[in-house]
Amino acid sequence: MLMPALIRVRSLLDRYRPPSGGQTSTVATPFLRMTLDHDTGSMTGTILRGRFSGMRVEELGSADLVALLRECRAEDEEGARLLEAYLDRVHPDWRDELAGERAGSSSSGARSTSGDMTVEEAYAILGLAPGADAEAIKEAHRRLMVKLHPDHGGSDYLATKINRARDVLLHH
């Protein structure tokens, strides 16, 4: 008979108890294993594949992190999203640096007509092998937009990149 009252008192006391520390979440993709500390919001991670395999993301400078991002975009969409979230936390201006890097390297003959994305980058963003036909390009675009559209938890930045990649490949 007293049990409901004891449960109610305990739940009231639990509201005023400080949150337990040390809670983390870990997510693994083919390229990355990232851990988020719930108390501090800090992210750490280990690179599982690619050129930086075995290293910690915290050890890499912004240029190497962008290079890793390119690898992830080509082979591991979820890993790319995780790495973008990490970059947003530790290097908030990384997108500006990436845009400046692209503007500075205009020597590539494979640039699209507007010069903002190479054909190779477009294939990597859509996760396609060079030479994919128009139908494969449209399907990859649709699949990515379903996952990464701003209305579905993605970002305007990602949606713009995916749209631009499709346009570059369909019109080159």
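In what follows, residues are counted from 1 in the order of the sequence shown.
Using modelled atom types, one finds a donor on one side chain and an acceptor on the other under 3.5 Å when comparing T26 with T35.
For S53 (side chain) and L48 (main-chain N/O), a donor-acceptor pair under 3.5 Å exists by modelled atom type. A side-chain donor-acceptor contact under 3.5 Å links N163 to the backbone of A159. Panel note: side chain D37, backbone S42; no donor-acceptor pair is recorded below 3.5 Å. Side chain of Y123 to main chain of L169: no donor-acceptor pair is present (N/O by atom type, distance under 3.5 Å, no hydrogens or angles).
Going from atom CG of L65 over to atom NE2 of H91 covers 5.0 Å, rounded to the nearest 0.5 Å. Interatomic distance, OH of Y86 versus CG of L32, reported as 11.0 Å (0.5 Å rounding). Separation of atoms CG (L87) and CZ (R95) is listed at 8.0 Å; rounding is to 0.5 Å. Distance check: E75 CD to T29 OG1 gives 11.0 Å after rounding to the nearest 0.5 Å. Remark: R56 CZ to T44 OG1 distance equals 5.0 Å, nearest 0.5 Å. L82 contributes atom CG, which lies 8.5 Å from atom SG of C72 (distance to the nearest 0.5 angstrom).
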Check against side chain to side chain contact (heavy atoms under 4.5 Å, CB included), I125 and M117: CA-CA 10 Å; I125 288 169; M117 182 181 295; 3.5 Å; yes

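A salt bridge links R143 with E77: at least one charged nitrogen is closer than 4.0 Å to a carboxylate oxygen. Residues E71 and R49 are not paired through a salt bridge, judged by the lack of any N-O separation under 4.0 Å between the basic side chain and the carboxylate. In summary, E84 and R73 engage in a salt bridge, as defined by a charged side-chain N under 4.0 Å from a carboxylate O.
Using a 4.5 Å heavy-atom threshold, the side chains of F31 and L83 count as separate. Counting heavy atoms from C-beta outward, R51 and D64 have side chains that approach closer than 4.5 Å. Put simply, the side chain of M145 does not reach to within 4.5 Å of the side chain of R142, judged on heavy atoms.
Heavy atoms from other residues, nucleotides or ligands lying under 6.0 Å from CD of E135 number 12 at most. By the 6.0 Å contact criterion, CZ on R33 is open, its count of non-hydrogen atoms from other residues, nucleotides or ligands being 12 or less.
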